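This structure is a prediction, so every number in the text was calculated from the model and none was measured.
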Amino acid sequence: MQERNDRFHVQVSVGDHAVEVRATGEVDIATVGVLRSALWAAPSRPLLRLDLSGVRLLSAAGVRALLAAHRRIRARGGVLVLVDPAPTVARVLRVTGLHRVIPVWPAAPAGALPARPLSLVPPAEVPVAASLAGPLGALVPIAQPTAAPVLACA
């Protein structure tokens, strides 16, 4: 499957256990719909790898789309992994804190995952999720409970 825009296009490859999405171009308010529709249309698999090596620009609209896709895929029992972001895109992921919510991996062959993410802290160890509840749609970290509360009766 392939979707195109003048400044952005997406290619989707479906495997038995993973979906590979390769994005190329600029993700901004004018093109984010193409990325969003490709991520929403991807069949349910345990792993969705989004190759960002060809993305030159990631705007706030793109960050929101990635966060929404992460939540949607996680709700279905899968994992979204961002692969090989360009330096400018990696900087956006770090500045927004999205690298702490969604795993970021270096380039690897399809279906293979490297030993550790590019992020300094592995995602499983970070008890933080992002919310769009902040002012003007800013990403606001919200601590997640690490254990169920214990109720005592006397």
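- For the pair Ala42 and Val19, the tightest heavy-atom approach, listed with the atom from each and the gap, is CB-CG1, 4.0 Å.
- Between the CZ atom in Arg71 and the CZ atom in Arg76 there is a gap of 15.5 Å [rounded to 0.5 Å].
- Atom CG of residue Leu35 and atom CZ of residue Phe8 lie 4.5 Å apart, to the nearest 0.5 angstrom.
- The side-chain heavy atoms of Val63 and Leu58, taken from C-beta on, include a pair separated by under 4.5 Å.
- The shortest distance between side-chain heavy atoms of Val14 and Arg45 falls below 4.5 Å.
- Within the 4.5 Å cutoff, no side-chain heavy atoms of Val81 are placed close to those of Leu48.
- Under the 4.5 Å side-chain criterion, counting only non-hydrogen atoms from C-beta, Pro85 is in contact with Leu93.
- Minimum heavy-atom separation, Ile29 to Val32: O-CG1, 3.9 Å.
- Hydrophobic clustering places Trp40 together with Ile73 (ILVMFWY residues linked when any side-chain heavy atoms are closer than 4.5 Å, directly or through intermediates).
- Asp28 places a side-chain heavy atom less than 4.5 Å from the side chain of Arg7.
- In this structure the side chain of Glu26 never reaches within 4.5 angstrom of the side chain of Val55, judged on heavy atoms.
- Taken to the nearest 0.5 Å, the CZ atom of Arg91 stands 11.5 Å off from the OG1 atom of Thr96.
- Put simply, OG on Ser13 and CZ on Arg49 are 10.5 Å apart, with the number rounded to the nearest 0.5 Å.
- Distance CG/Leu47 to CG/Leu80: 8.5 Å, rounded to 0.5 Å.
- Considering Leu66, Asp84, Ile102 in turn, Leu66 is the only one that fulfils the side chain to side chain contact (heavy atoms under 4.5 Å, CB included) rule with Leu50.
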Problem - Trace of the side-chain contact (heavy atoms from CB on, under 4.5 Å) decision for Val83 with Leu52 - result: CA-CA 6 Å; Val83 179; Leu52 297 173; over 6 Å; no

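- Residues Val27 and Leu57 form no side-chain contact, since every pair of their non-hydrogen atoms from C-beta on lies 4.5 Å or further apart.
- For Arg22, the side-chain hydrogen bond (donor to acceptor under 3.5 Å, both in side chains) partners at least two apart in sequence or on another chain are Asp51, Ser53.
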